[in-house]
Engineer: 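The structure's right below; bear with me while I get my questions together.
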Amino acid sequence: MPFSIATWNVNSLRARMDLLLYWLKSRKIDVLCLQETKVEDGQFPKEIFEELGYHVLFKGEKAYNGVCILSMYPFKSIKKDFGNIEGEQKRILEASIDDFTIINAYFPHGKIPDSSSFYYKIDFVEGLRLYLDENFGSNDNLILTGDFNIAPEEIDVFDADFLKNAIGFHPREREALLYLKEWGFIDLFRHCNKNVKGYTWWDYRNSSFKKNKGMRIDHIWASEKMAEHCKKCIIDKEMRGKPKPSDHAPVIAEFG
DNA sequence: ATGGTTGGCTTCCAA
């Protein structure tokens, strides 16, 4: 049975509610990972998604961060506590659905290279790799998705030379990201779209979207076994051009 | 290209 998995940093769930509901009604999304929900659990609009048929898993805080998984299929198990990796911030959720496990992660931004925020980011990425080593094997069907806040390769940014030491493309971040990927992941967008330039984030400032000055920092990664069943992976760029957009576009992977 | 937009909350922080 074919199904789809998507990720979208909505930059505030409540500010994006109309656009998100429009999007969910015009696409067929079976499992959706959201980041930067920016809403405390007590104020999460769970019922709206349940009315659409989704099972809802969320973990948030006031004003910052926050993650959510919506699934048309029931959760077989869930995990919300990743204290050693994320610290006090609400950034990671894990759920087992059908025959796979999905991890939704909102990686730290990092602010400026070499800052304390930067090393929190590096530690987060390396901590996630250690967690995977301890909890999953290469035969598991595993998806790691979310806003990674790192572009992997030169093709994934609008100007690799200009951005060579910028946050999101700094060599130290890309090194950590490669280490994480070498757990055994396939980058589904790159797997399905060889040599295609595609971005998932454009700064709100400087008319970046109009000039298409973006970065591919939101990813859907699959373990090798699971990647074999991926038929298509696209960036839904149209959503970035709508009124009151998030600064990120959704990424959708289709499996069959 | 070296500026300035957005969201949440508040007189600024994070992205």
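Heavy atoms only: backbone and side chains are in, while hydrogens, waters and symmetry mates are out. Naming: A, B, ... by sequence-line order, numbering from 1 per chain. Just so you know, these numbers come straight off a predicted model, no measurement behind them.
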Engineer: Mark yes or no for whether A/Thr145, through its side chain, and A/His219, through its backbone, hold a donor-acceptor pair below 3.5 Å.
Structural biologist: yes

Engineer: Do the numbers put A/Lys79 on top of the ring of A/Phe82, so that NZ or CZ is under 6.0 Å from the six-membered ring centre and no more than 45° off the axis?
Structural biologist: yes

Engineer: In whole angstroms, how far is the C1' atom of B/dA14 from the NZ atom of A/Lys121?
Structural biologist: 13 Å

Engineer: Whole-Å distance between B/dA1 C1' and A/Asn212 CG?
Structural biologist: 15 Å

Engineer: Whole angstroms only, please: what is the CG-P distance between A/Asp18 and B/dG7?
Structural biologist: 12 Å

Engineer: Please report the distance, rounded to the nearest Å, between CD1 in A/Ile112 and P in B/dC13.
Structural biologist: 13 Å

Engineer: From the options B/dA15, B/dC9, B/dA1, select the nucleotide whose nearest atom is closest to the side chain of A/Ala63.
Structural biologist: B/dC9

Engineer: Given the C1' atoms of B/dA14 and B/dG4, what is the spacing between them in whole Å?
Structural biologist: 15 Å

Engineer: Rounded off to whole Å, could you give me the CG-to-P distance for the A/Leu163 and B/dT2 pair?
Structural biologist: 14 Å

Engineer: Would you say A/Asp218's side chain and A/Thr7's backbone share a donor-acceptor pair under 3.5 angstrom?
Structural biologist: no

Engineer: A/Arg240 has an atom CZ; how far is it from atom P of B/dT6, in whole Å?
Structural biologist: 9 Å

Engineer: Whole angstroms only, please: what is the CG-C1' distance between A/Asn206 and B/dA1?
Structural biologist: 7 Å

Engineer: I'd like to know if A/Asp99 pairs up with A/Lys225 as an ion pair, taking the criterion as any Lys NZ or Arg NE/NH1/NH2 lying under 4.0 Å from an Asp or Glu carboxylate oxygen.
Structural biologist: no

Engineer: When the P atoms of B/dC9 and B/dC13 are compared, how many Å lie between them, rounded to an integer?
Structural biologist: 16 Å

Engineer: Could you measure between the two P atoms, the one in B/dG7 and the one in B/dG3, and give it in whole Å?
Structural biologist: 24 Å

Engineer: Please pick, from B/dA1, B/dA15, B/dC9, the nucleotide with the shortest atom-to-atom distance to any side-chain atom of A/Lys62.
Structural biologist: B/dC9

Engineer: Assuming nearest nucleotide by heavy-atom distance, tell me which of A/Arg16 and A/Lys111 is located more 5' along DNA chain B.
Structural biologist: A/Arg16

Engineer: Describe the nucleic acid contact of A/Tyr106 in one word from base, sugar-phosphate, nothing, applying a heavy-atom distance below 4.0 Å.
Structural biologist: sugar-phosphate

Engineer: Answer with base, sugar-phosphate or nothing: what part of the nucleic acid does A/Lys211 contact at a heavy-atom distance below 4.0 Å?
Structural biologist: nothing

Engineer: For the residue pair A/Thr37 and A/Leu34, establish whether any side-chain heavy-atom pair is separated by less than 4.5 Å.
Structural biologist: yes

Engineer: B/dG7, B/dA1, B/dT5: which one has an atom nearest the side-chain heavy atoms of A/Arg205?
Structural biologist: B/dT5

Engineer: Base, sugar-phosphate, or nothing for A/Asn11, non-hydrogen atoms under 4.0 angstrom?
Structural biologist: sugar-phosphate

Engineer: Quickly work out the A/Arg14 CZ to B/dT6 C1' distance and round it to whole Å.
Structural biologist: 15 Å

Engineer: Measuring from the side chain of A/Lys38 (C-beta onward, heavy atoms only), which nucleotide among B/dG7, B/dA15, B/dA1 has the closest atom?
Structural biologist: B/dG7

Engineer: For A/Phe162 and A/Asp247, take the nucleotide of DNA chain B holding the closest heavy atom to each; which residue's nucleotide lies nearer the 5' end?
Structural biologist: A/Phe162

